[in-house]
2 protein chains.
Amino acid sequence: MTATLDQRIRRDLERKIRSGAWSPGHRIPTERELIAFYGCARMTVGKAIAALVADGLVERRKKAGSFVAQPRVRTAVLEIPDIAAVVRARGETYRFDLLQQTRLTPGQRPDPAFAAAGDRLLIEGVHIAAGRPFAHEHRLISLAAAPGADVADFSGRSPGSWLLENVPWTTARHRITARQALDVAVTLGLARAAACLQVERWTWRQDDPVTYVRQIFPGDRHDLVAEFAPRP
Amino acid sequence: MTATLDQRIRRDLERKIRSGAWSPGHRIPTERELIAFYGCARMTVGKAIAALVADGLVERRKKAGSFVAQPRVRTAVLEIPDIAAVVRARGETYRFDLLQQTRLTPGQRPDPAFAAAGDRLLIEGVHIAAGRPFAHEHRLISLAAAPGADVADFSGRSPGSWLLENVPWTTARHRITARQALDVAVTLGLARAAACLQVERWTWRQDDPVTYVRQIFPGDRHDLVAEFAPRP
DNA sequence: TAGTGGTCTAGACCACAGC
DNA sequence: CTGTGGTCTAGACCACTAA
């Protein structure tokens with residue numbers, strides 16, 4: 001009861017939808033009807049309905065009105081946190097073991113996954129949790145987009161956290177697949193056929209590629225959880 | 001240039017942030033300063049900034065002001081679409097082969113992953129794309145939450161799409177892991193050690209559990225892509 | 001305590017899609 | 001056409017908190 005007016009209206013409408021009292025396709029009252037019902041300004045009911053639209057509960061069509069949307073398993077919000085933070089949240093010690101750090105010139109070892117112009121830094125390493133391998137990391141960094149990366153010290157500290165602090169705002173794309181350990185089996189201390197979760201991430205600053213990273217987790221030591229829940 | 005005023009202001013501010021002109025921690029002008037600059041009402045700049053807050057680009061503190069947020073790889077929006085829709089979008093034929101359909105009474109074969117009261121329906125089947133196995137599905141449905149599921153016909157049609165149409169609004173939680181094919185290897189036509197992507201989904205209506213589903217995809221035939229991009 | 005964001009009002013005009 | 005949502009204005013009061 002201490003919430004703001006638009007939040008209370010929003011919850012009121014959401015309850016009617018989630019309970020099934022208003023089923024999918026049902027036309028909800030017009031903004032002007034809701035104004036009269038709640039005795040408030042139009043902007044206030046508009047804000048409440050806009051939040052429901054953002055959550056996919058309602059669809060709006062001009063002249064026709066606002067309708068309860070068909071439920072769909074559409075999207076989920078996936079947490080892709082920093083590995084060091086995950087490990088420390090478990091109460092385990094964390095460190096990053098650097099296996100390789102090489103500067104590549106444009107022609108050298110082109111990677112189809114990461115087509116940055118100019119020099120790139122190739123980094124390979126292992127995230128260690130409580131003394132045991134937690135994830136293998138293979139990373140390429142564009143030195144044009146991240147100047148200073150070639151003189152940073154990645155023995156002990158993961159390049160991911162360095163980039164987070166030193167390269168400003170980014171856009172990212174993730175790809176999640178399953179694969180066998182194979183060439184990283186020895187590094188991770190697994191059988192070659194062990195199932196692993198592979199997360200790839202491409203990061204841009206404006207339109208320039210900044211970094212590509214491929215992280216491989218033992219399937220039995222890591223999972224990803226995605227929530228799709230209404231906002232409180 | 002045809003966008004609305006709040007969108008143009010939002011883009012204007014976002015460009016300053018993403019380009020690095022305003023770096024993380026920088027204090028952006030107050031709403032009242034922006035009003036003067038853009039010559040508009042306070043609600044309009046408020047809407048623009050609220051959108052930036054929703055995207056995690058800006059943090060606001062009363063009395064102190066609004067600041068460019070520290071970039072974090074926080075969350076990504078993951079598409080978890082209907083399997084039938086994915087297959088058909090590829091231009092392949094789709095069907096669902098039912099392997100087992102059993103009604104369970106409360107005491108029978110309790111599943112730690114799905115603790116619904118009352119009778120449950122256990123469904124096991126395979127999603128078939130272009131004649132080849134695409135995913136194995138193991139599902140439990142609470143008959144209290146989804147009445148009618150026990151008389152529905154799931155030979156040919158996936159229970160997921162049936163539920164989507166027949167059970168109103170839901171909340172969902174997803175878990176993504178990697179595993180070997182093992183007991184579903186024969187069904188999917190894979191080696192027992194083949195790496196597979198396993199997606200589990202728990203669904204509630206209000207606070208009542210509706211269904212639990214575990215889908216297993218051959219690692220080389222499926223992936224999940226998550227975008228974290230600014231809104232246009 | 002003063003300045004900031006947070007919320008709300010009571011209007012207004014417009015574009016658009018159904019009728 | 002007419003009603004709907006979409007957007008915007010020019011104010012207002014309040015809660016919070018950093019200075």
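Just so it is clear: chains get the letters A, B, ... in the order the sequence lines come, proteins before strands, and each one is counted from 1. Basis for what follows: all heavy atoms, side chains included, without hydrogens, waters or symmetry-related copies. All values derive from a computational prediction rather than experimental measurement.
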Quiz item: Atom CD1 of Ile9(B) to atom C1' of dT9(D): distance rounded to whole Å?
Solution: 13 Å
Quiz prompt | Separation of dT4(C) C1' from Glu59(B) CD (nearest whole Å) | solution = 16 Å
Exercise. Using atom types as modelled and distance alone, determine if a side-chain donor or acceptor of Arg27(B) lies under 3.5 Å from a backbone N or O of Ala64(B).
Key: yes
Practice problem: List the steps, then state whether side chain to side chain contact (heavy atoms under 4.5 Å, CB included) holds for Ile28(A) with Lys16(A). | Solution: CA-CA 10 Å; Ile28(A) 73 177; Lys16(A) 286 208 173 67; over 6 Å; no
Quiz item: Listed by chain and number, what are the side chain to side chain contact (heavy atoms under 4.5 Å, CB included) partners of Phe37(B), not counting sequence neighbours?
Solution: none
Practice problem: Between protein and nucleotides 12-19 of chain D, map the contacts as a letter string: B base, S sugar-phosphate only, - none, heavy atoms under 4.0 Å, written 5' to 3'. | Solution: B---SBB-
Exercise. Could you tell me the separation between the CD1 atom of Ile28(B) and the C1' atom of dG3(C), rounded to a whole number of Å?
Key: 16 Å
Quiz item: Is the shortest distance from a Lys or Arg side-chain nitrogen in Arg10(B) or Asp55(B) to a carboxylate oxygen in the other one below 4.0 Å?
Solution: yes
Quiz prompt | Axis deviation across the helix from dT1(C)-dA18(D) to dG18(C)-dC1(D), five-pair ends, to the nearest 10° | solution = 10°
Exercise. Could you tell me the separation between the CD1 atom of Ile35(B) and the C1' atom of dA10(D), rounded to a whole number of Å?
Key: 10 Å
Practice problem: Only counting residues at least two apart or in another chain, list the ones meeting side chain to side chain contact (heavy atoms under 4.5 Å, CB included) with Glu165(A). | Solution: Arg157(A)
Quiz item: Roughly how many Å is it from CG in Leu34(B) to P in dG6(C), rounded to a whole number?
Solution: 13 Å
Practice problem: Check every strand shown and say whether Ile49(A) touches a base, only sugar-phosphate, or nothing at a heavy-atom separation below 4.0 Å. | Solution: nothing
Quiz item: According to a strict under-4.0 Å criterion, is Thr44(A) in side-chain N/O contact with OP1 or OP2 of dT9(C)?
Solution: yes
Quiz item: Are Thr30(B) and dG3(C) close enough that a side-chain N or O sits under 4.0 Å from OP1 or OP2?
Solution: no
Quiz item: Separation of Asp6(B) atom CG from dG6(D) atom C1', in whole Å?
Solution: 10 Å
Quiz item: Whole Å only: how far is the CZ atom of Arg60(B) from the P atom of dT4(C)?
Solution: 12 Å
Exercise. Could you tell me which residues satisfy side chain to side chain contact (heavy atoms under 4.5 Å, CB included) with Leu164(A), sequence neighbours excluded, listed by chain and number?
Key: Val73(B)
Practice problem: Using modelled atom types only, decide if a donor and an acceptor are shared between the side chain of Arg18(B) and the backbone of Thr170(A) within a distance under 3.5 Å. | Solution: yes
Exercise. Among dT4(D), dT9(D), dC8(D), find the nucleotide with the atom closest to the side chain of Cys40(B).
Key: dT9(D)
Quiz item: Separation of Phe67(A) atom CZ from dG18(C) atom P, in whole Å?
Solution: 9 Å
Exercise. Please name all residues satisfying side chain to side chain contact (heavy atoms under 4.5 Å, CB included) with Ala69(A), sequence neighbours left out, ordered by chain then number.
Key: Glu59(A)
Self-check item: Minimum-distance nucleotide to Lys47(B) side chain [options: dG5(D), dA10(D), dT7(D)]
Solution: dT7(D)
Practice problem: Measure from the side-chain N and O atoms of Trp202(B) to the backbone N and O of Ala113(B), and report whether any donor-acceptor pair falls under 3.5 Å. | Solution: yes
